[in-house]
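Following: one structure in structure tokens, then a few remarks.
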Amino acid sequence: MRKNIVAGNWKMNNNLQEGLTLAKELEAALKGKKVNCDVIIGTPFIHLASVAAIIDTKLIGVSAQNCADKASGAYTGEVSAAMVASTGANYVILGHSERRTYYGETNATLKEKVSLALANGLTPIFCIGEVLNERNAGKHFEVVETQIREGLFNLSAEDFRKIILAYEPVWAIGTGVTATSDQAQEMHAFIRNTLVAKYGEAVANDTSILYGGSCNASNAKELFSNPDVDGGLIGGASLGVDKFMPIVEAF
Ligand code: 13P
């Protein structure tokens with residue numbers, strides 16, 4: 001059966017010392033507590049090795065927010081999937097809308113990143129989602145289906161089983177406007193049906209599909225109560241234990 005997951009995406013926040021403090025505080029809050037989901041934090045690259053070294057990564061999974069689309073070589077400023085894996089991180093967020101929008105990531109480059117992540121034992125948290133104009137034009141299903149097909153459908157069923165999906169409607173990210181519970185369920189069910197068509201019921205039913213976009217302590221319970229919403233990818237509300245823990249405990 002698929003897992004419930006609450007993952008924090010710190011984005012470009014927290015210097016190293018602040019990040020280590022936050023990770024430790026979260027670990028302390030989780031220790032000895034029985035929670036009904038996996039908990040992951042997605043930190044900037046520079047935090048990964050130190051965070052992975054000071055926390056119990058069985059209690060809190062550690063994720064990068066990106067990796068290179070090349071294995072190694074003369075790519076100044078890039079960080080490879082192998083380098084991420086060597087820090088002790090187990091996950092990598094790929095295709096976040098901020099990377100697609102500000103850094104020109106395409107489904108074609110993401111396909112390479114996914115392959116390299118998997119080849120290095122990382123679990124991709126693959127983000128998909130439409131912008132407001134696309135939703136208003138009634139194209140949101142088509143946009144999301146294309147992102148999944150072009151970014152992931154080259155994978156074998158065996159490899160696809162290792163993917164976590166995160167539906168993040170771009171209009172809901174950092175805006176305080178959350179998708180309604182019905183909008184989230186409608187899209188998540190569409191995504192799962194898209195997976196059924198390609199990989200069959202068993203793979204589709206085992207795939208965790210997270211919701212992201214202004215998810216917080218007040219709306220998490222309702223969003224997560226939907227049958228096809230298996231957790232959240234949390235931005236702003238992952239930057240403080242007081243805001244993040246109630247989301248973890250929404251399950
Ligand atoms: P917010 O929770 O700040 O809206 O960000 C969501 C997000 O982009 C997580 O990846």
Side-chain angles (χ1 to χ4, degrees), residues 2-3 5 7-12 19 38 40-53 57-58 60-129 143-168 191 194-195 198-199 203-204 206-210 212 230-231 233 235:
R2 59 185 179 259
K3 288 177 174 171
I5 299 168
N9 175 7
W10 291 1
K11 308 193 180 185
M12 197 173 72
D38 285 3
I40 300 169
I41 49 177
T43 82
F45 286 129
I46 60 139
H47 298 60
L48 292 173
S50 313
V51 167
T57 55
K58 287 195 193 71
I60 306 172
V62 178
S63 178
Q65 299 172 13
N66 181 28
C67 71
D69 62 339
K70 305 285 193 301
S72 66
Y75 301 102
T76 302
E78 287 295 291
V79 175
S80 72
M83 291 171 186
V84 169
S86 74
T87 67
N90 306 109
Y91 299 86
V92 57
I93 297 168
L94 291 175
H96 192 281
S97 67
E98 288 148 18
R99 303 248 13 123
R100 292 176 188 261
T101 306
Y102 307 140
Y103 302 97
E105 293 198 359
T106 63
N107 296 327
T109 35
L110 289 168
K111 192 167 106 180
E112 301 305 318
K113 293 186 182 204
V114 168
S115 293
L116 286 161
L118 290 172
N120 286 283
L122 297 171
T123 298
I125 302 172
F126 191 84
C127 303
I128 51 192
V143 166
V144 166
E145 193 269 338
T146 302
Q147 290 169 336
I148 297 173
R149 181 166 34 80
E150 293 184 357
L152 296 172
F153 275 3
N154 62 311
L155 297 175
S156 66
E158 188 191 342
D159 276 343
F160 191 87
R161 277 183 178 279
K162 299 168 190 159
I163 304 286
I164 297 167
L165 286 175
Y167 169 59
E168 300 206 303
I191 292 168
T194 304
L195 306 186
K198 170 76 180 172
Y199 293 110
V203 172
D206 281 354
T207 303
S208 297
I209 308 175
L210 315 184
D230 307 310
L233 183 56

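This is a predicted model, so every value here is computed, not measured. Heavy atoms only: backbone and side chains are in, while hydrogens, waters and symmetry mates are out.
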Side-chain donor or acceptor of Arg2 paired with backbone N/O of Ile209 under 3.5 Å: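 Side chain of Arg2 to backbone of Ile209, a donor-acceptor pair under 3.5 Å: no, none is there.
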Under 3.5 Å donor-acceptor, Thr109 side chain and Glu105 backbone: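 Not at all, since once roles are kept as given, no pair shorter than 3.5 Å links the two residues.
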Nearest heavy-atom pair of [X] and [Y]: which atoms, and what distance?
X: Ala157; Y: Val203; result: CB-CG2, 4.3 Å
X: Phe45; Y: Ala64; result: CE2-CB, 3.9 Å
X: Gly151; Y: Val114; result: O-CG2, 4.3 Å
X: Ile191; Y: Ile128; result: CD1-CD1, 3.8 Å
X: Ala89; Y: Thr87; result: N-OG1, 3.2 Å
X: Pro124; Y: Lys162; result: CD-O, 4.0 Å

Quick one: [atom1] on [X] to [atom2] on [Y], what's the gap to the nearest 0.5 Å?
X: Ser63; Y: Ile40; atom1: OG; atom2: CD1; answer: 6.5 Å
X: Asp69; Y: Lys111; atom1: CG; atom2: NZ; answer: 12.5 Å
X: Thr123; Y: Leu94; atom1: OG1; atom2: CG; answer: 11.0 Å
X: Ile164; Y: Ile125; atom1: CD1; atom2: CD1; answer: 5.0 Å
X: Leu152; Y: Leu110; atom1: CG; atom2: CG; answer: 8.5 Å
X: Thr194; Y: Gln147; atom1: OG1; atom2: CD; answer: 11.5 Å

Modelled atom types, side-chain donor and acceptor of His96 and Glu168, under 3.5 Å: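 His96 vs Glu168: donor-acceptor pair found between side chains.
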Test item: [X] and [Y] side chains (from C-beta on) under 4.5 Å apart, heavy atoms:
X: Ser80; Y: Leu116; answer: no
X: Leu195; Y: Phe160; answer: yes
X: Ile93; Y: Leu233; answer: yes
X: Val79; Y: Val84; answer: yes
X: Val62; Y: Leu48; answer: yes

Non-neighbouring partners of Glu98 that pass salt bridge (charged side-chain N to carboxylate O under 4.0 Å, His left out), sequence neighbours left out: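 Salt bridge (charged side-chain N to carboxylate O under 4.0 Å, His left out) list for Glu98, sorted by chain: Lys11.
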Cation-pi geometry met for Arg149 and Phe153 (6.0 Å, 45°):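 That pair does not qualify as a cation-pi contact.
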